[in-house]
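Whatever order the structure lists them in is the order used to number ligands and atoms, beginning at 1. Only heavy atoms go into these numbers, but all of them, side chains included; no hydrogens, no water, no symmetry mates. Note that the structure is a prediction, hence the values are computed from the model and not measured.
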Amino acid sequence: MDSLIIHGGTRLDGALRASGSKNAALPILAATLLTEESCALQRVPLLKDITTMMTLLSSLGATVLRNKEGAVVVESGPVQVCKAPYDLVKTMRASILVLGPLLARYGLAEVSFPGGCAIGSRPVDLHIRVLEAMGADVQVEEGYIVARAPDGLVGVDFTFDTVTVGGTENAVMAASLARGTSVLRNVAREPEIIDLVEFLRSMGAQIVGEGTDTLTVHGVAALQGATYSVMPDRIEAGTYLVAAAATRGRVRVEGIAPEILGVVCDKLRQTGACITEGEDWIALDMQGNRPRAVDVVTEPYPGFPTDMQAQFTALNTIAEGTSRVTETVFENRLMQAHEMKRMGAEILIDGDSAQITGRPSLQGAPVMASDLRASASLVIAGLVASGETRIDRIYHIDRGYENIEGNLQCLGADIRRIST
Ligand code: UD1
């Protein structure tokens, strides 16, 4: 099993290029099931979760390969299998994203019920409810969600009672091939939803309203193959910006439009960072200064992203002043705090909030990664700590960060991967 060894204390300094977005690529890969024609996807990141989704598509009978230019080409062809097996789903909850496309195209989908996970219970009731509203019969059979719509799905007027990214994605994919018009209300407005809609549109889907809280989808009889380039990863970019701020350094992230990180950049400015932006780059410079503590409350987009919460918690542990970080999107998503305390951080957990008193520095320690973003926050803590930090269970990081140690080495960090 791999670990990361970090010797902290170096100010990050340099430039890097944003990878393609994991959270956009996953639903877009699932959407290739909506057509039998070939789809070519550029800028799909090299990540464990992406490999899992590619394996899942193969297990459903699709031909999936990464060509020599790096594009992922998927041809789902005629259906062979409609079952997403437990062994794959248990390693990645986003496997649930094949539910809508399989059901819409084939009238049958069997997806292993995703269990609880490290960041709360994360139910999928809304994914199921919207598909039922479109006419599907959904049962849980031997641990599988079995959805049947032998006569096809029908358009629906549906209001989500919680904003859900994955639920919105499943609904919009299913509605694209349903008979008639669907109006989906209180949907997620994340940039990754916009990216999925743009991909679906390039396949011939008729959708309006992406980026607002209502999506209107006019179902079509069939979708065609498409070539598409996945948007950049705003969470990866944000993580490197926070890492640079925490180490009092500077970084320039290229290949990403600054608007999609607006709220994150605003928070970083509050820490004292000097941020400059171009059409497709963001640069941060702390000018050697210690960051100031900032309060954070997570919310669905365009609010502060839950996927950046742990990184700001790490920054606040060494910032000047006290701060409160409140998690409203997921339950039980402050677990990184316990490992950070082992590094000398002063954090008091109070329900869904962490009260943090900034310390001048942390001390390196052996720590354990618990989920993807918590792991990234431990890397940031290791970069600012004195001495050696060893992070175990880093398979969580490999799910969402492409070559994190290589990128940080390019920025001057003393970090390496070891296999034990
Ligand atoms: C996606 C992202 C994840 C991000 C999250 C919120 C992917 C692959 N993952 O996860 O990185 O942290 O959005 O921005 O894109 N909920 C229900 N019932 C449902 C579905 C969700 O109650 O049927 C609740 C969840 O428990 C959670 C909230 O809704 O409290 C938001 O979850 P959701 O937006 O669905 O997150 P994911 O799509 O799983």
Legend entry - From L88, D87, V89, residue fulfilling side-chain contact (heavy atoms from CB on, under 4.5 Å) relative to S112: V89
Legend entry - Sub-4.0 Å atoms of ligand 1 with respect to non-hydrogen atoms of V124: 19 (C), 23 (O)
Legend entry - Geometric N/O contact N23 with ligand 1, under 3.5 angstrom: yes
Legend entry - Pick from V163, T162, V165, T306: the one approaching atom 31 (C) of ligand 1 most closely through a non-hydrogen atom: V163
Legend entry - Options P27, A25, G167, P123, ranked by nearest heavy atom to atom 21 (C) of ligand 1, top entry: P123
Legend entry - K267 charged N/C atom sitting above F312 aromatic ring, 6.0 Å / 45°: no
Inset, instruction - Could you walk me through whether T35 and Q224 pass side-chain hydrogen bond (donor to acceptor under 3.5 Å, both in side chains), step by step? - result: CA-CA 6 Å; T35 178; Q224 73 240 10; over 6 Å; no
Inset, instruction - Could you verify whether a donor N or O on one side chain and an acceptor N or O on the other, from S76 and E36, lie under 3.5 Å apart? - result: no
Legend entry - Ligand-residue contact atoms, ligand 1 with V329, heavy atoms, under 4.0 Å: 27 (C), 28 (C), 30 (O), 31 (C)
Inset, instruction - Check each heavy atom of E299 against ligand 1 and say whether those closer than 4.0 Å belong to the side chain, the backbone, both or neither. - result: neither
Legend entry - Under-4.0 Å heavy-atom contact with ligand 1, by part of T164 that carries it: both
Inset, instruction - Could you see which bit of D307 sits under 4.0 Å from ligand 1, with heavy atoms only: side chain, backbone, both or neither? - result: side chain
Inset, instruction - Just jot down the ligand 1 atoms closer than 4.0 angstrom to any heavy atom of R333, in number order. - result: 12 (O)
Inset, instruction - Taking only Lys NZ, Arg NE, NH1 and NH2, and the carboxylate oxygens of Asp or Glu, determine whether D2 and R417 approach each other closer than 4.0 Å. - result: yes
Legend entry - R250 CZ: over 12 foreign heavy atoms closer than 6.0 Å: no
Legend entry - Close-contact set for ligand 1 against G166 heavy atoms, below 4.0 Å: 35 (O), 38 (O)
Legend entry - Polar side-chain atom of Q309 near backbone of R333 as donor-acceptor pair, under 3.5 Å: yes
Inset, instruction - Give the contacting part of L126 toward ligand 1: side chain, backbone, both or neither, where contact means a heavy-atom distance below 4.0 Å. - result: both
Inset, instruction - Quick one: list whatever passes ring-ring contact (aromatic ring centres under 6.0 Å, His included) with Y401, sequence neighbours left out. - result: none
